[in-house]
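Heads up: the structure comes next, in C-alpha cells.
Ligands are counted one by one from 1 in listed order, and the atoms in each one are counted from 1 as well.
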Amino acid sequence: MKTFHCNCGAVVFFENTMCVACGSELGWCPCCRAIRTIVNDGNEQYHCGDAACATPLTRCHNYAVEQVCNRCLPTLQVTQGADALCDYCRFNDTIPDLSVDGNLAKWREIERAKRRVFYTFDLLGLPYGSAEDGFGTPLSFDFKGDREPRRFLWFNVGEHEQVYTGHANGKVTINIREADDVEREKARVSFGEAHRTLIGHFRHEMGHYFWDVLVKGTCESDCIALFGDHENPDYGTALQRYYENGAEPGWQSSYISAYATMHPWEDFAESFAAYLDMVSVVDVAFHSPLADTVDPVQADFGAMANQYARLGLLLNEMNRSMGLIDLVPEVYTAGILEKIEFVHRLLRGATARAT
Ligand SMILES: [Zn+2]
Ligand SMILES: [Zn+2]
Ligand SMILES: [Zn+2]
Ligand SMILES: [Zn+2]
C-alpha cells in the first residue's frame, strides 16, 4: 500500500474520508489512483484537489449516501438518473438489510476489507469483470445475514435460510455475521484458526473466483499435479470427510492451513489467499522507509518470499510486544511455498496477457 497525503501534507490512510489534520474531504481519485483531497464545487460535484489532475469527480453513491465507501468516479462516466457506483461497489448484487440495527456498521467493515483486497488485484493487474462488461466469469457479491439468528456460522441447523460464506460461478457471498467481532472470534477459536478476518474471507473466496477465471479449462492439469485431483474425491465427499475426521496429522508440512487439506480447491484458495497476504505485506514494506525492500509487482518469487519471512519475524515480535496474535503465524515449508509460487506464476502470467 502506497502512502497517501492530504493537500495539507498530512499522511492519510486508504480508508479515510476526512483529513484529521485539516478537515478536508478525501476520496479515491481513479485518475491519480490515490486517496486525494477532493474539493466540493457544490451540488454533489467535486474535483480532484491535485492541481495536476483536477478531474471532475462524483462521489460513489455508497460514499455520498451510505458512508460505507470512499471512492469517486470521473463525473464523465456517471450515467444520468442512475446511482453512481464506484469501480468496486458496482459488483454488489445484494447489500445487507439496512433496516436491521447494526447492519450498516457491518456493511462498512465489509466494504473496507473489500477495497483493500481489490487494491491488491489492481496492483497486480488481475483480470475481473461484471456481466455488463461481458466478462466470461462475471463477478458479483452478496452480503447478507441469516434470516433467523443461528448459533452456528457454518452449518445448517434448521429449515430457515442459512447464508453460507462462499463462491459459486463468480458470485461471492459473505455472511455479514463475519463482520461481528465477537461472532468471528468465537468461530476462529472453535475452528482452531490462526486468523479469521474479513480480508481473509475475501482473499479466500476470490481464490475460487480466480481459479474459475485463470485455471479452469486452461491449466487444470498443472494445478492437479500440485494440488491434487479436484474431481476425485468430489467436493461433497471431501467436505463430509473433513467435518467428520478433520485434517490428517502432520498436515503442516504441506498445507498452509488445516482447511486447505479438505479439497484441492480449498488448498488452491488458501494458497491464493496466502499469496495475497504476502504481496500486501511486502507492498507495505516496499512503500515504507525500511531499507532493502523488494517491489512485490516486480520481484521474483524467491526474493519476495524471503522478504516476507524476514518481515514476519519482525512483525510477530512487534505483535507479541503488544500482546497481539502473530501477524504471520504460518510456517512456510518448501511444499507450501511451491503451491504459493504456482499462484505467483499464474497471476504474473495473467498480468502479462492483460497488458
Ligand atoms: Zn489535511
Ligand atoms: Zn486526481
Ligand atoms: Zn463505492
Ligand atoms: Zn473455499
The Zn ion (ligand 4) - name of the N/O/S atom of His208 that sits closest to it
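The atom in question is NE2.
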
Closer than 2.8 Å to the Zn ion (ligand 3), do we get an N, O or S atom from Cys60, backbone or side chain?
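Checking the Zn ion (ligand 3) against Cys60, an N, O or S atom does fall under 2.8 Å.
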
Suppose you place the vertex at the Zn ion (ligand 4); what is the angle out to His204 NE2 and Glu266 OE1, to 10°?
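My answer is 90°, to the nearest 10°.
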
Could you grab the angle centred on the Zn ion (ligand 3), going from SG in Cys69 to SG in Cys86, to 10°?
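If I round to 10°, I get 110°.
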
So, Arg59 and Glu44, do they make that salt bridge, N to O below 4.0 Å?
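Here Arg59 pairs with Glu44 in a salt bridge, since their nearest N and O are under 4.0 Å apart.
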
When you draw lines from the Zn ion (ligand 2) to SG of Cys53 and to SG of Cys29, what angle lies between them, to the nearest 10°?
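About 110° at the Zn ion (ligand 2).
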
Suppose you place the vertex at the Zn ion (ligand 2); what is the angle out to Cys48 SG and Cys32 SG, to 10°?
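SG of Cys48, the Zn ion (ligand 2) and SG of Cys32 span an angle of about 110°.
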
Pair Thr37-Ser24, side-chain donor/acceptor within less than 3.5 Å:
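Thr37 vs Ser24: no donor-acceptor pair found between side chains.
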
Nearest-0.5 Å distance that lies between atom NZ in Lys171 and atom CD in Glu205
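Answer for the NZ-CD pair, Lys171 versus Glu205, is 13.5 Å.
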
Pair Glu15-Arg116, salt bridge (Lys or Arg N to Asp or Glu O under 4.0 Å): steps then yes or no
CA-CA 9 Å; Glu15 288 79 10; Arg116 282 254 165 191; 2.7 Å; yes

Under the side chain to side chain contact (heavy atoms under 4.5 Å, CB included) test, residues paired with Arg320 that sit two or more places apart:
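Checked Arg320 against side chain to side chain contact (heavy atoms under 4.5 Å, CB included); matches are Asp326.
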
